[in-house]
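Because the structure is predicted, anything quoted here is derived from the model rather than measured. Naming: A, B, ... by sequence-line order, numbering from 1 per chain.
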Amino acid sequence: MDSVFSNVARAPEDPILGVTVAYNNDPSPVKINLGVGAYRTEEGKPLVLDVVRKAEQLLVNDPSRVKEYIPIVGIADFNKLSAKLILGADSPAIKENRVATIQCLSGTGSLRVGAEFLKKHYHQSVIYIPKPTWGNHPKVFNLAGLSVEYFRYYDPATRGLDFKGLLEDLGAAPSGAIVLLHACAHNPTGVDPTSEQWEQIRQLMRSKSLLPFFDSAYQGFASGSLDTDAQSVRTFVADGGECLIAQSYAKNMGLYGERVGALSIVCKSADVASKVESQVKLVVRPMYSSPPIHGASIVATILKSSDMYNNWTIELKEMADRIKSMRQQLFEAIQARGTPGDWSHIIKQIGMFTFTGLNKEQVEFMTQEFHIYMTSDGRISMAGLSSKTVPHLADAMHAAVTRLG
Amino acid sequence: MASSMLSLGSTSLLPREINKDKLKLGTSNSKPFLKAKSFSRVTMTVAVKPSRFEGITMAPPDPILGVSEAFKADNNEMKLNLGVGAYRTEELQPYVLNVVKKAENLMLERGDNKEYLPIEGLAAFNKATAELLFGAGHPVIKEQRVATIQGLSGTGSLRLAAALIERYFPGAKVVISSPTWGNHKNIFNDAKVPWSEYRYYDPKTIGLDFEGMIADIKEAPEGSFILLHGCAHNPTGIDPTPEQWVKIADVIQEKNHIPFFDVAYQGFASGSLDEDAASVRLFAERGMEFFVAQSYSKNLGLYAERIGAINVVCSSADAATRVKSQLKRIARPMYSNPPVHGARIVANVVGDATMFSEWKAEMEMMAGRIKTVRQELYDSLVSKDKSGKDWSFILKQIGMFSFTGLNKAQQSDNMTDKWHVYMTKDGRISLAGLSLAKCEYLADAIIDSYHNVS
């Protein structure tokens, strides 16, 4: 029988998630997975935060809890608390009811719903994204019907920010264009603008009516402070202008598989915000009807209780500190081996990832010879390292640079 | 906060210098993030620019979910919510299955982690769900011809399939029953898949317009997707008989159409998982390629966990592998990977013989309560209505919903405004939201709306 699917080709594995697939298939005892950005303990194990376990216990043991459909926009408490978390408790935008917040499926879901909303209701359908950016970004926006343009971001020569290029490219963007900004801990480079640079970006964007769309996947995880990591977003909101924000709790609460996030749309007025919310519901209903209850309930439980919130901030800082310590150890290990080149970017970059500057050939070499699993753009997840495995990685990098430099 | 006018189009701004100590961002403990001490905080309020979203109008409330919102706002003590299809106990309370609580406690005790699932979802869930649908050991499973990926309940699974159809069957139409679940059209519209309707509900008989259905399916362009409700048709509750299903399969095969099943009530309609899967299995026997979207919202009461699956039965294992890979390519830019909690609950319940038996018992209980309520409603209608109208359609229909025939707007408005009975405008009531105690009241309301409102 002729299949109706004969023209359906086999899709390649997702480049990021495919790394873990390849890692799982490798029998080597020295293999290291530095692919997907999921936090690992010093023992190389996944971590469920204590405060998350506690919250889950409370939920599961509560006899009054039901599994009825939650509203299309998600759990009301969760939405309010998420907006407060990113914007600050005394944000005028919140006080003036100008923020429409919709619970979505982690960062990806928030980005997709926001993009679909913009495609339907915003006059500009081009979005500018940094070069490079998270591999899934262009796909999310393309499938939502937006066209994607790039602005210069990473400078391979300095392994830092190409600020001049960024300003030029955003300066040349058409008025009203949407601009994707990583709120902190840029993925994959780990290179963030300074606060002075953020201010210049803000002024430029407001002068051209460029619409900011923040991707905040690492609040609290980058510097260890929830407020510090939200500053870029807060300065934009402080000027009274509009923006979109996609929040994820995957990393900072370790809720990866529960798919918890929120899309906030900061509007000029409460009236506009309420209309915007009603229209976002029309995007969600034909996509998945309403979001999943479990993860968002955990988040709301934690954010509501000042004790649990405080305990969370402590566990969050521990994770951020361990990553910073991995950066330091890797940097020192490379120095100790006398690997040629300037490797200070390892400690200058921030967040879960380091953009090593290694090329595709070097990465392949490291995988084949040293069983190091990472994305081919040279990005490594520091969260996947431990004091025990740093030496092996340093050996691999040293070999790759000296033999294939 | 100070405000200054932004001069449009100019890159030189007029900042007002502000003492940084007075400016607060976020919590009162936050420090201004400026590193240089002498740098004054500059802020502006963009006071004159209109909102970029000014022209956006208020969207109407969802016709189904909006009913519950209206119900909540009603203070009348006789009010009855027969809107959304969520099971209620005789006391009209939501119901969390015991077996679900057991599974959740097990999961807590085990200390399962919260790592990302693969894009296609939890493997144990995918295996279990396909086996439930086709029967473990069915040839399509043995031969690995089913591409199964975990989806966000029924809606999410339908959406993934719709996106696949749009991509790989450009121009192909989906033909849906008239009427059908309100959200089906939205899903295909947003996925940009064209659709048309086949006749289904006959208002004269309050039954199936079988000839119309067959004629319209025959007339659809060859290779169309035919959306079929596996059991317990929503909103009518009217299902084809086994003989009619055979004829439906015949005409679909004849026209090389592709069946697309929406299975939201397996086990919930008759009380038996196998019986409710009969239509799907009939098509599998024919060796056809087809789609099946599944949901565990009702039969496992996991509504808010959003757990379901899309299954694509293919003619070969190779085709199934390719199709699965493309479904993943659609899911990744939508939500990356699906939520783990509901999937684990299902996998645990189905994977343990004791829990699986307990589930079947609870499901029989839920389906049983609905059948009992149908009978009681019918009995009340027959005893109260002296007009001789035939109410037997209530007993012939199956599943959570009943199509009352009250499809004129004034009639359903009368139900709500006069009797405080909340239902959808197409005349659908959810029997899951009805108790034996309220059957007489509801019968009065239906009789009144039927005879006295035009």
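Here Tyr288(A) is the residue among Phe141(A), Tyr288(A), Tyr122(A), Tyr39(A) with the most heavy-atom pairs under 4.5 Å with chain B. Of the listed residues (Ile293(A), Asp14(A), Asn136(A)), the one with the most heavy-atom contacts under 4.5 Å to chain B is Asn136(A). Note on Arg332(B), Glu305(B), Met334(B), Arg52(B): by heavy-atom pairs under 4.5 Å with chain A, the leading option is Arg332(B). Contact count against chain A (heavy-atom pairs under 4.5 Å) is highest for Asn113(B) among Leu158(B), Val100(B), Asn189(B), Asn113(B). Of the listed residues Lys67(A), Arg112(A), Gln57(A), the one with more heavy-atom pairs under 4.5 angstrom with chain B than any other is Lys67(A). Chain A forms the most heavy-atom pairs under 4.5 Å with one residue out of Leu302(B), Asn183(B), Leu152(B), Val96(B), and that residue is Asn183(B). Chosen from Lys139(A), Lys281(A), Glu68(A), the residue pairing most often with chain B at heavy-atom distances under 4.5 Å is Glu68(A). Note: Ser336(B) leads Ala319(B), Gly156(B), Ser336(B) in heavy-atom pairs under 4.5 Å with chain A.
Residue Leu85(A) does not touch chain B at all, counting heavy-atom pairs closer than 4.5 Å. Only the side chain of Phe169(B) comes within contact range of chain A, judged by heavy atoms closer than 4.5 Å. Contacts between Ile86(A) and chain B at a heavy-atom distance below 4.5 Å are absent for every atom of the residue. Contact of Val260(A) with chain B is not made at all, since no heavy-atom distance falls under 4.5 Å. In this structure, no portion of Leu111(A) lies under 4.5 Å from any heavy atom of chain B. Of the two parts of Arg40(A), only the side chain, counted from C-beta on, holds a non-hydrogen atom closer than 4.5 Å to a non-hydrogen atom of chain B. Of the atoms belonging to Asn61(A), it is side-chain heavy atoms, and not backbone ones, that fall under 4.5 Å from chain B. With a 4.5 angstrom heavy-atom cutoff, Leu255(A) touches chain B via backbone and side-chain atoms both. Contact of Pro338(B) with chain A is made through the backbone alone, with heavy-atom distances under 4.5 Å. Heavy-atom distances place both the backbone and the side chain of Ser289(A) under 4.5 Å from chain B. For chain B, the nearby parts of Tyr69(A) are the backbone and the side chain; heavy atoms of each come within less than 4.5 Å. When heavy atoms are compared at a cutoff of 4.5 Å, Lys84(A) does not approach chain B at all. Residue contact with chain B, scored on non-hydrogen atoms closer than 4.5 Å, involves the side chain of Ile298(A) exclusively. Contact of Lys328(B) with chain A is made through the side chain alone, with heavy-atom distances under 4.5 Å. With a 4.5 angstrom heavy-atom cutoff, Lys192(B) does not touch chain A via any of its atoms. When heavy atoms are compared at a cutoff of 4.5 Å, Ile258(B) approaches chain A solely by way of its side chain, counted from C-beta outward. Of the atoms belonging to Val323(B), heavy atoms from both backbone and side chain fall under 4.5 Å from chain A. Heavy atoms closer than 4.5 Å to chain A are found in the backbone of Asp112(B), but not in its side chain. Residue Ser269(A) does not touch chain B at all, counting heavy-atom pairs closer than 4.5 Å. Proximity to chain A is absent for every atom of Ser153(B), based on heavy atoms less than 4.5 angstrom apart. Residue Val272(A) touches chain B through its side chain alone, counting heavy-atom pairs closer than 4.5 Å. Only the side chain of Leu108(B) comes within contact range of chain A, judged by heavy atoms closer than 4.5 Å. In this structure, chain B has no heavy atom under 4.5 Å from any part of His137(A).
Without hydrogens or angle criteria, Glu258(A) side chain to Val340(B) main chain gives no donor-acceptor distance under 3.5 Å. Panel note: side chain Asp190(B), backbone Met287(A); no donor-acceptor pair is recorded below 3.5 Å. A distance-only check finds a donor-acceptor pair linking the side chain of Arg53(A) to the backbone of Gly111(B) [under 3.5 Å]. The main-chain N or O of Asp62(B) is never found under 3.5 Å from a side-chain atom of Arg285(A) such that the two would form a donor-acceptor pair. Checked by atom type and distance alone, the side chain of Gln326(B) never pairs as donor or acceptor with a backbone atom of Val8(A) at under 3.5 Å. No donor-acceptor pair closer than 3.5 Å links the side chain of Glu115(B) to the backbone N or O of Gly257(A).
With values rounded to the nearest 0.5 angstrom, Glu54(B) atom CD is found 8.5 Å from Glu242(A) atom CD. To the nearest 0.5 Å, atom CD1 of residue Ile70(A) and atom CZ of residue Arg306(B) are 8.5 Å apart. With values rounded to the nearest 0.5 angstrom, Ile56(B) atom CD1 is found 8.0 Å from Ser278(A) atom OG. The CG atom of Asn186(B) sits 8.0 Å away from the CG atom of Leu282(A) when rounded to the nearest 0.5 Å. With values rounded to the nearest 0.5 angstrom, Leu117(B) atom CG is found 9.0 Å from Arg259(A) atom CZ.
Closest of all the heavy-atom pairs between Leu143(A) and Pro333(B) is CD1-CG, 3.6 Å. Across Ser325(B) and Ala11(A), no two heavy atoms sit closer than the pair OG-N, 2.8 Å. Taking each heavy atom of Pro94(B) and Val66(A) in turn, the nearest pair found is CB-CG1, 3.8 Å. Of all non-hydrogen atoms in Lys268(A) and Pro50(B), the two that sit nearest each other are NZ-O, 3.7 Å.
With sequence neighbours left out, Asp318(B) forms a salt bridge (charged side-chain N to carboxylate O under 4.0 Å, His left out) with Arg322(B). Here Arg159(B) pairs with nothing under the salt bridge (charged side-chain N to carboxylate O under 4.0 Å, His left out) rule; sequence neighbours left out.
Between Glu56(A) and Lys114(B) there is a salt bridge, since at least one side-chain N of the basic residue sits less than 4.0 Å from a carboxylate O of the acidic one.
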Evaluate the criterion side-chain contact (heavy atoms from CB on, under 4.5 Å) for residue pair Lys275(A) and Phe53(B); output intermediate values, then yes/no. CA-CA 9 Å; Lys275(A) 289 179 181 154; Phe53(B) 308 117; over 6 Å; no
How far apart are the C-alpha atoms of Phe5(A) and Val312(B), what are their side-chain angles, what is the distance that settles it, and do they pass the side-chain contact (heavy atoms from CB on, under 4.5 Å) test? CA-CA 10 Å; Phe5(A) 303 114; Val312(B) 186; 3.3 Å; yes
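The 12-atom threshold is not exceeded at CZ of Arg10(A), counting heavy atoms of other residues, nucleotides or ligands nearer than 6.0 Å.
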